Amino acid sequence: MAEPDLAVATTATGTDIRGLSGASTLLRVLLVATSYPRDAQDWRGRFIADISAALARQPGFRVAQWAPPGVVASGIELATTPAEADWLSRLMARGGISHQLRTAPIQGLLDSIVLLRALRSAYRRTTDADLYHLNWLQCALPLPEDGKPALITVLGNDMRLLGLPMMRHALRRVMRKRKVALCPNADWMVTPLKEIFGDLATVTCVPFGIDARWYDALRDPVRLHSPPCWLVVTRLTADKLGPLFKWSEPLFRGEARQLHLFGPRQEAIAVPEWVHYHGPAAPEQLASDWFLRAQGLITLSCHAEGRPQVMLEAMAAGLPIVASRLPAHADIVENGQTGYICETPDHYGAALSALEDPGLNQKFGEAARALVTQMFGTWDDCAIRYLRIYRLLQAGELRV
């Protein structure tokens, strides 16, 4: 039998769900994540909250969520104990497990041990789950030998962690006795994942959705902020910022342009005085204000990115993108159509100058919005993409 086609056509009006209408059995899913926003103003793990809420809106589900504490959608059951929730909250306050492993390896290792023990306990007591949906590849490590299928979302940082000693071997051991779908959120991760796990798991890209608030943003490039205002929305780390300050200084120092930087300071980064630094920004603040008056979004990251959600949100709001050459950026920015991919300071300066023309800015912005509408849709579209894979896993119709 041929492997089922996992691609789900997404359009501006929704996702094709043919083949799902006959699935009437209530499906019990354990949704696991190590990051989750505390409230609507919290930027951390926002996409997990969006996935969770979208799954809660779909019929035929019972979703239990094991994640740090926060506001959950109606219909979502909490699978964390009070002690687990308290520890996860403190882990989030320290920056999360990935941040700890990167910046404080000893504490990160200790936290990893506690995390894996807590996950093992959660898996063993959640006996009524039909399948696991894990948001972080390493969350699969303590899965019990129960044969239950697993959908594992893979992000860019997961690819970096696969380089840790014995990580690949440990994950392969977990996958051997169950059906597994590895679902990176960007196409560039599919090939390396197939090379590592393709004999044990189905690997298929499942793009995230985009919240409707970004599509609803009404931006008029003819009436943008003067002087030209450019946005950077990122965690402040050396890798995430890349050469931003060095390349930008001769272009932004003075009154000709403004560079507005949003995001939490996760490393001891000195922000130059000519940069307008605002700290973390709530999504509503960006959608209703800053995205409407900016020329575009800049990212010169050299971090191991999956598919940066803020880039998709900016494109949905009609902003052109100026980005460094990374697989994650080239995967969604059509160079010369929805933005520019820059490899040198000269390329970067030329891109800013070009996109400060209102006509070209509008053309690129409209193309960016059309592209993400077609490719990604909304979070409900994303939830239906996951639903289809859930059903195929449950039916045993996925094969490598």
Side-chain angles (χ1 to χ4, degrees), residues 1-11 14-20 23 27 29-33 47-48 50-51 54-55 58 61 130-140 143 148-159 161-162 168 171-172 174-210 304-309 312 327-328 330-332 371-372 374-400:
M1 181 182 70
E3 182 178 351
D5 181 11
L6 300 185
V8 181
T10 303
T11 68
T15 303
D16 183 354
I17 58 172
R18 289 171 294 178
L20 294 179
L27 190 63
V29 177
L30 177 62
L31 180 67
V32 173
F47 73 96
I48 299 295
D50 291 328
I51 291 172
L55 288 173
Q58 308 307 314
F61 281 102
D130 295 311
L131 62 84
Y132 303 106
H133 182 159
L134 312 181
N135 290 282
W136 197 46
L137 189 56
Q138 286 70 28
C139 286
L143 280 173
K148 293 180 181 180
L151 185 157
I152 307 175
T153 299
V154 184
L155 304 179
N157 194 50
D158 295 326
M159 304 300 293
L161 292 173
L162 284 175
R168 298 182 184 190
L171 288 168
R172 286 179 59 81
V174 169
M175 295 179 192
R176 283 195 178 100
K177 296 183 179 180
R178 71 181 75 242
K179 294 290 184 181
V180 176
L182 295 179
C183 300
N185 70 322
D187 295 299
W188 69 267
M189 290 183 273
V190 170
T191 296
L193 286 171
K194 283 185 175 180
E195 291 173 353
I196 301 169
F197 303 112
D199 59 327
L200 297 174
T202 296
V203 181
T204 184
C205 177
V206 178
F208 289 163
I210 303 170
E305 305 280 5
R307 181 179 273 149
Q309 192 66 21
L312 302 185
D331 189 48
I332 53 176
L371 178 70
V372 296
Q374 180 181 11
M375 289 182 63
F376 305 107
T378 66
W379 283 107
D380 284 340
D381 295 324
C382 176
I384 295 171
R385 291 191 278 269
Y386 284 134
L387 171 57
R388 188 177 188 203
I389 297 176
Y390 290 168
R391 293 298 184 189
L392 291 172
L393 281 169
Q394 188 184 38
E397 295 179 4
L398 287 181
R399 68 182 186 87
V400 296

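As the structure is a computational prediction, the values presented were derived from the model and not from experiment. Heavy-atom basis, side chains included; hydrogens, waters and symmetry copies ignored.
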Minimum heavy-atom distance [X]-[Y], with the two atoms named:
| X | Y | result |
| --- | --- | --- |
| Asp331 | Ala186 | OD2-CB, 3.8 Å |
| Met175 | Leu137 | CE-CD1, 4.4 Å |
| Ile210 | Phe376 | CD1-CB, 4.1 Å |
| Met159 | Leu193 | SD-CD2, 3.8 Å |
| Val154 | Met189 | O-CE, 3.6 Å |

Report task. Give a yes or no on whether the backbone of Ile332 and the side-chain of Arg307 come within a donor-acceptor separation of less than 3.5 Å. Result ->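 No: the side chain of Arg307 does not pair with the backbone of Ile332.
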
Query - Main-chain N/O of Gly209 paired to Gln309 side chain as donor or acceptor, under 3.5 Å - result: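 It does hold such a pair.
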
Separation of [Y] [atom2] from [X] [atom1] (nearest 0.5 Å):
| X | Y | atom1 | atom2 | answer |
| --- | --- | --- | --- | --- |
| Trp188 | Cys205 | CH2 | SG | 11.0 Å |
| Arg168 | Leu161 | CZ | CG | 11.5 Å |
| Ile384 | Gln58 | CD1 | CD | 4.5 Å |
| Ile51 | Asn135 | CD1 | CG | 5.0 Å |
| Leu387 | Asp380 | CG | CG | 11.5 Å |

Query raised in the report: Do Lys194 and Leu182 pass the side-chain contact (heavy atoms from CB on, under 4.5 Å) test, and can you show the C-alpha distance, the side-chain angles, and the key distance before you say yes or no?
Result: CA-CA 9 Å; Lys194 283 185 175 180; Leu182 295 179; over 6 Å; no

Flag the pair [X] / [Y] as yes when at least one side-chain heavy-atom distance between them is below 4.5 Å, and no otherwise.
| X | Y | value |
| --- | --- | --- |
| Tyr132 | Arg178 | yes |
| Val174 | Val180 | no |
| Tyr390 | Leu55 | yes |
| Thr153 | Val206 | no |

**Report entry** Sequence-distant partners of Leu393, side-chain contact (heavy atoms from CB on, under 4.5 Å), two or more places apart
**Finding:**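 Leu393 satisfies side-chain contact (heavy atoms from CB on, under 4.5 Å) with Pro149, Leu151, Lys179, Ala181, Ile389, Leu398 once adjacent residues are dropped.
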
Query - For Leu371, side-chain contact (heavy atoms from CB on, under 4.5 Å) partners two or more places apart - result: Met315, Glu334, Thr338, Met375

Report task. Can you sort out the partners of Gln394 under side-chain hydrogen bond (donor to acceptor under 3.5 Å, both in side chains), two or more places apart, ordered by chain and number? Result -> Arg391

Requested in this report: For Asp158, enumerate each residue passing the side-chain hydrogen bond (donor to acceptor under 3.5 Å, both in side chains) test, keeping only those at least two apart in sequence or located in another chain.
Outcome: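 Partners of Asp158 by the side-chain hydrogen bond (donor to acceptor under 3.5 Å, both in side chains) criterion, ordered by chain and then number, come out as Trp136.
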
Query raised in the report: What residues form a salt bridge (charged side-chain N to carboxylate O under 4.0 Å, His left out) with Arg172, not counting sequence neighbours?
Result: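 So Arg172 forms a salt bridge (charged side-chain N to carboxylate O under 4.0 Å, His left out) with Asp199.
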
Report task. Apply the test side-chain contact (heavy atoms from CB on, under 4.5 Å) to residues Leu162 and Phe197: give CA-CA distance (whole Å), side-chain angles for both, the deciding distance (0.1 Å), then the verdict. Result -> CA-CA 11 Å; Leu162 284 175; Phe197 303 112; 3.9 Å; yes

Requested in this report: Please identify each residue that fulfils ring pair (Phe, Tyr, Trp, His ring centres under 6.0 Å) with Phe208, with sequence neighbours left out.
Outcome: Phe47, Trp379

